[in-house]
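The block underneath contains the structure these notes are about, expressed in structure tokens.
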Amino acid sequence: MIENHMTIMLVVLPMLAAPLIALLPSKNLSWGLAILTATLQLYLAVNVLLDVQGGTAIHYELGGWAPPWGISYRLDSLNGLMALLVCLINFVCLLYAKASIEAEIPGRKLGLFYATWQLVVTGLLGIVLTGDIFNLFVFLEISSLSTYALIGMGRQRQALMAAFQYLLSGTLGASFFLIGVGLCYAATGTLNMQDLASQIGQSDQPMTLYSGFAFLFTGLLLKAAIYPLHAWLPNVYQFSPQAVSALLSATSTKVALYVVVRCLLDVFGVEFSLSRLFADLLLLAGSLAILFGSLRAIQQTDLKRLLAYSSIAQLGYSVVGLGLLTVTGLSGALVHLFNHGITKAALFMGAGMLALGPGTTLLTRLAGGTHRPWLLLLFLTGGLSLIGFPGTVGFISKWMLALAAIEQGHWWLLVVILLGSLLAILYVWKFIETLYFVPQNPPETSTGPVPGRGMWLACGLLCLAIVYFGLDTRFTLGVAMDAARQLLGVHP
Amino acid sequence: MMAEYPPFLNFYLAALFYLLLSPLFGPRLRFLLPLVPLLSLGQLIILSPDASWSWQLASLSMEWLRVDKLSLLFGYLFHLAAFIGFVYALHVKDTLQQVSALLYAGSALGAVFSGDLLSLFLFWEMMAVSSSGLVFARQTQTARGAGIRYLIVQVLSGVLLLSGALVQFQQTGTLRFDAMQADGIAGGLILFAFGIKCAFPLLHNWLVDAYPESTASGTLFLSAFTTKVAVYALARGFAGTELLVYIGAIMTCFPIFYAVIENDLRRVLAYSLINQLGFMVCGVGLGTALALNGAVAHAFADVIFKGLLFMSMGAVLHRVGHTLGSDLGGLHKTMPKSTLLCIIGAGSISAFPLFSGFVTKSMIMSAMIEAGHDWLWLALLFASAGVFHHAGIKIPFFAFFAHDRGLRPKEAPVHMLFAMSMSAFLCLLIGMFPQLLYRLLPWQMNYWPYDLTHTLTQLQLLFFSALAFVWLNKQGIYPPELRSVNLDSDWLYRKYLPNMARWLWSVREFTQPGIARVQSVILRPFSHQSGLTAFDTSQLLLKLLLGLAILIGIGLLSSDLFN
Amino acid sequence: MSLLSIDHLYYWVIVILLMLGMYSMIAKPNLLKKLAGLSIFQSAIFLFYISLGKQTGGTAPIIAPGYDTYANPLPHVLMLTAIVVGVATVALGYALIIRIRDAYDSMEEDQIREQDDQA
Amino acid sequence: MSGFFDKANHIKWILRSFYGLCVLLLVLDFLLHRHHYLQIEKIPAFYPLFGFVACVTLVVVAKWMRRLLKRDEDYYDG
């Protein structure tokens, strides 16, 4: 019985936990319940992913209503991987959040913080698992609204403005998505993804469908911060509470990009959506993102902002992989979503640990961090992964993407990918140098809160994951290849 | 059976333990470091010759242990170098340096035992990163600058290697690292990558830029591994590539001119390192058994005698604080042992009979004649005379003799002297009993260096080079040591490109007001204030809307309706 | 032109509302007015959906004798959800504005920016 | 050892023995029979001549190069 409901439990658990957490009297209890939920979810996510390995899919009909009338949930390798990413990051970030967030947010608000956090996770998992496109919109808004609230809790007052800006631009993106859904509905009369997929070819209103397609995707690309639509991201990542930056950087843009992949390949289908021009557009946008993001990252003087721009660049890699439209490229893109997720989360956590004392992430204020040599290890691992150094996860994704670029004879793309790595060295070096080789003047005596054990544990876990999945790719790359084959309809 | 794992693991694990244990035991731990290469050498010796060890990575099999005579020779050499290096570095209490050195030595070993291009790339990049730690460890502004330039060039080499590997994989479906063709994209890229690490002409600048900026012991490690791994890779991948003979000949000749006018004695040694590499590259390019043996044997000898020279200059750096020829002199009075050891190193690099350089370099020279490259042989002969001139005489002369500047530093510390003595002993041992080294060489050959002709001609060449030095000095023609920098190919990226960038920037500055005016006209209805700060919501939304409009436009255009 | 016909009038209203909302979001420095613009923008989308369900001559979808065309109820139902989402968004926006006013003592974006620039 | 190289006649003695060795090597070139691999080696006293001329050329060219290439010590920092 339970097994049948495992999929939906992933979404329902945090939704139920959220109000309970808000009501619990002490911050430790709230956190305890949150981490308990997260652990359960992680267990469930691993289980369902194991269930769908090898190409089967789980269908779940909400309330017993069969699609296209009822809402159905569908789980295959693709969203199984994403669900695992969200649950994993959620778990690790919660581990980290305890000590980190208590230094940033007054104690009476902590219950609400964890409750909101659960809502973000509910929304993200809902997006990942749902098979209904309007339901997806609702979850998108659930996660976005709770995200705005979390961002607004940042320690500096700029966080409020960042949250407000994100609210405006995020709603803009979601609205475009909604317009797109409406137009598609007008053309096909259905909201269920699979049903939609079967209707696409037969629609008698192709113009409406194309407009819907265009609106839907631009809205999603905005949520995913893909190159020309990335402008909202740096402020958000810079001013959020530390744990929230880590959570968002690893999940929210990734999940949005997942929706792009799902809609593009599964719903609209390769022939419909990826006429050559559109695929080339993705390649171009991705390449520009890689170059632009890396160059801007080099210019930054704030560690978290630098990481934010690097995120824009790294998302570009996934977009490039998507635009290549081959199994190699797509699996590279998908595995990069996962790989970059854990890498960036680790780096934001490191930044948060440095910021505990000074309360800012300005690089000049963080200089001379030699008193924490372990953090250097974290920054090195994460930084090397951003560069794409072999032995880290970053290498795996870039290797796949580079291979895919050569397969297609896109030499310029290979140059862009490698150039991106070289630029990454510069910005990675920039923060490592400032943090560890520039003596601070005057030397700041490191008082203030010391990173808690949970923070170290979380960082350690992610670092291990970066190296482990960099050396043993059977699991991550295997699932990504499965998903890519399914999406492109290629059978091994 | 237990011992059948790649030796680099010994060093990586040691690095990990050092990092873990150093907070507990403090710098005392460093006294254990020389044991690492010793124990690892033991493992290498009992390693069975057909051992192999591979790792599955994403449908690729990475071969981390391929044992043959060529890789074994370099394996022994690197263990030896690491041992000497850690003894020499016993005074260093800097965790960064120790860990970098361990990782660096381990990576070099990993590279020579790699059976495929991907593993080679892995260790290639590990070498780049770990070795740059040794440059940064000097903790000066110039070292940081040199370090980042070094790192970029090294990683660039790795990136080229990766591209080559990718192309080869795409074309042939295999990543195995064996003899390759230099024509074709894959081979070309890989050769270029090797060439950077091997300091080919015009690609050599990272070496003379960064090596002299490292710490006393750091330079020793640096000089031992990176370039020798490159020689190994060339010997394995591109033996017999004619192009390399010419490149090698140029490499032997051009650095000696720079070495004569260079002031920093460690930089002189860096130039002479390139010169020695030139001989090895020539040997690889010739590709005969004798030449290849000569190349790897010379690499072996070079690690030891160049190390010895760098160690003696390191001792000077350690005691005096700099190695500028213009400000040194007369050190033999208080550092007699270092002086003597330095002279042994100088004798070896100059290839005096009975010193190690002679028994290895003469193989390459003989192979050159056998191959009929008469003119290139003359160039190499010229370079040999030049080596003696700048490394054999100039280094000991300007540091330990020349004008007495009144410096009275203490003799080098005991552990340094011990490390240097070991190297000196090895130089003489190889020089006097070359068969010890010859027996280890990978290819079959029949060669004996000490015949009358070789010995006599070499002595004549060297003595009359020395005579020229004496004569030039007496005539006052010899260029004095001056505090200066000499332009080299790094001018391109250290001066020309920054200037270009500055120029472009000024163009931008010039046009900026115009652009801003246009912007403000377009955006006037929306702007309440000029200046783009982080919190201009209007700007943000405008940007987003513009992006949305463009994407929607293209999305619609791309539809079938318009096609 | 069919696009200009009276049949498409409501589309034009929707487009105009969308533009109005966007203009207000972009051009007004006052945060409240930006938020109001967002609200207008969202309302336009609600109208768009509602117009989708409209059938000429159709009535509310309750089966009754004498009527054979009904409006499609689904978009209307969807909009109930969307309105809830919209309300939540605006409420959150107001909450943020209140906190912004506490922190900066202003709701005008240019004044807020000045304060941040000085800091 | 410490004052050994300070005395002028010690230096003179060293130099003289050095000159002596040079002369000896030069003479040996004519007395001993050495192998000739190449045509050019047959020039009498080829190696001594080559060694001397090579080094003088090296230094002269390097001096000329220095005029071209020498910059201030802080050239790149500016």
Side-chain angles (χ1 to χ4, degrees), chain B residues 141-142 145 256-261 263 330 332-334 336 339 366 369-370 374 377-378 381-386 388-390 400-401 404 451-454 456-472 477-479 482-488 490-491 494-495 498, chain D residues 1-6 11 14-41 44-78:
Chain B
Q141 187 67 43
T142 33
I256 58 180
F257 294 101
Y258 274 99
V260 168
I261 52 174
N263 185 26
H332 73 271
K333 291 178 182 166
T334 50
T339 311
S366 302
I369 291 183
E370 281 176 15
D374 296 359
W377 175 81
L378 269 183
L381 198 64
F382 170 72
S384 298
F388 181 49
H389 206 89
H390 70 261
F400 296 105
F401 302 100
D404 190 346
D451 59 10
L452 178 73
T453 309
H454 272 116
L456 178 67
T457 52
Q458 184 70 7
L459 281 174
Q460 287 172 335
L461 184 75
L462 294 178
F463 267 84
F464 278 83
S465 301
L467 191 64
F469 182 81
V470 173
W471 181 73
L472 287 164
I477 303 175
Y478 197 84
L482 295 173
R483 284 172 163 253
S484 61
V485 230
N486 297 310
L487 298 186
D488 199 339
D490 58 346
W491 175 82
R494 290 177 72 183
K495 205 73 188 181
Chain D
M1 178 89 181
S2 66
F4 183 82
F5 291 98
D6 284 344
I11 304 275
I14 292 173
L15 280 180
R16 276 192 189 152
S17 46
F18 172 66
Y19 296 143
L21 278 172
C22 287
V23 173
L24 178 70
L25 284 169
L26 194 63
V27 173
L28 280 178
D29 195 58
F30 298 97
L31 294 183
L32 296 174
H33 173 74
R34 62 177 166 91
H35 271 290
H36 298 288
Y37 298 99
L38 296 176
Q39 213 57 35
I40 192 165
E41 280 182 288
F46 168 73
Y47 284 93
L49 274 178
F50 189 86
F52 191 86
V53 173
C55 285
V56 173
T57 321
L58 170 66
V59 168
V60 170
V61 173
K63 272 188 89 165
W64 170 79
M65 269 172 62
R66 175 179 255 182
R67 279 222 307 264
L68 214 65
L69 298 176
K70 188 165 106 48
R71 294 291 184 277
D72 277 343
E73 226 177 351
D74 52 359
Y75 173 72
Y76 286 118
D77 305 331

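No hydrogens, no waters, no symmetry mates; every other heavy atom, side chains included, goes into these values.
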Measure distances from B/A466 to the heavy atoms of chain D and classify the residue's part below 4.5 Å as side chain, backbone, both or neither.
-> both
For B/L459 against D/L25, the heavy-atom pair lying closest together = O-CD1, 3.7 Å
Nearest heavy atoms of B/L472 and D/V56, plus distance in Å = CD1-CA, 4.2 Å
Side chain to side chain contact (heavy atoms under 4.5 Å, CB included) between B/H389 and D/V59: does it pass, once the steps are laid out?
-> CA-CA 9 Å; B/H389 206 89; D/V59 168; 3.4 Å; yes
Closest approach of B/S465 and D/G51, non-hydrogen atoms and distance?
-> OG-O, 3.7 Å
CD/B/Q460 to CG/D/D29 distance, rounded to the nearest 0.5 angstrom?
-> 4.0 Å
Taking the six-membered ring for Trp, is the centroid-to-centroid distance between D/F50 and B/F464 below 6.0 Å?
-> no
If you look at every heavy atom in D/F52 and B/L467, which pair is closest and at what distance?
-> CE1-C, 4.0 Å
Gap separating the CG atom of B/L462 from the SG atom of D/C22, nearest 0.5 angstrom | 10.5 Å
Considering only heavy atoms, which portion of B/I256 lies under 4.5 Å from any heavy atom of chain D: side chain, backbone, both, or neither?
-> both
Check whether D/L15 gets within reach of chain B through its side chain, its backbone, both or neither, counting any heavy atom under 4.5 Å.
-> side chain
State, to 0.1 Å, how close B/N486 and D/K70 come at their nearest heavy-atom pair, and which atoms those are.
-> OD1-CA, 3.8 Å
May I have the step-by-step check of side chain to side chain contact (heavy atoms under 4.5 Å, CB included) for B/L381 and D/Y47, ending in yes or no?
-> CA-CA 9 Å; B/L381 198 64; D/Y47 284 93; 3.9 Å; yes
So B/Y478 and D/K63, side chain to side chain contact (heavy atoms under 4.5 Å, CB included) or not? Walk me through it.
-> CA-CA 8 Å; B/Y478 197 84; D/K63 272 188 89 165; over 6 Å; no
Kindly indicate, with the supporting measurements, whether the criterion side chain to side chain contact (heavy atoms under 4.5 Å, CB included) is fulfilled by D/L26 and B/F463.
-> CA-CA 10 Å; D/L26 194 63; B/F463 267 84; over 6 Å; no
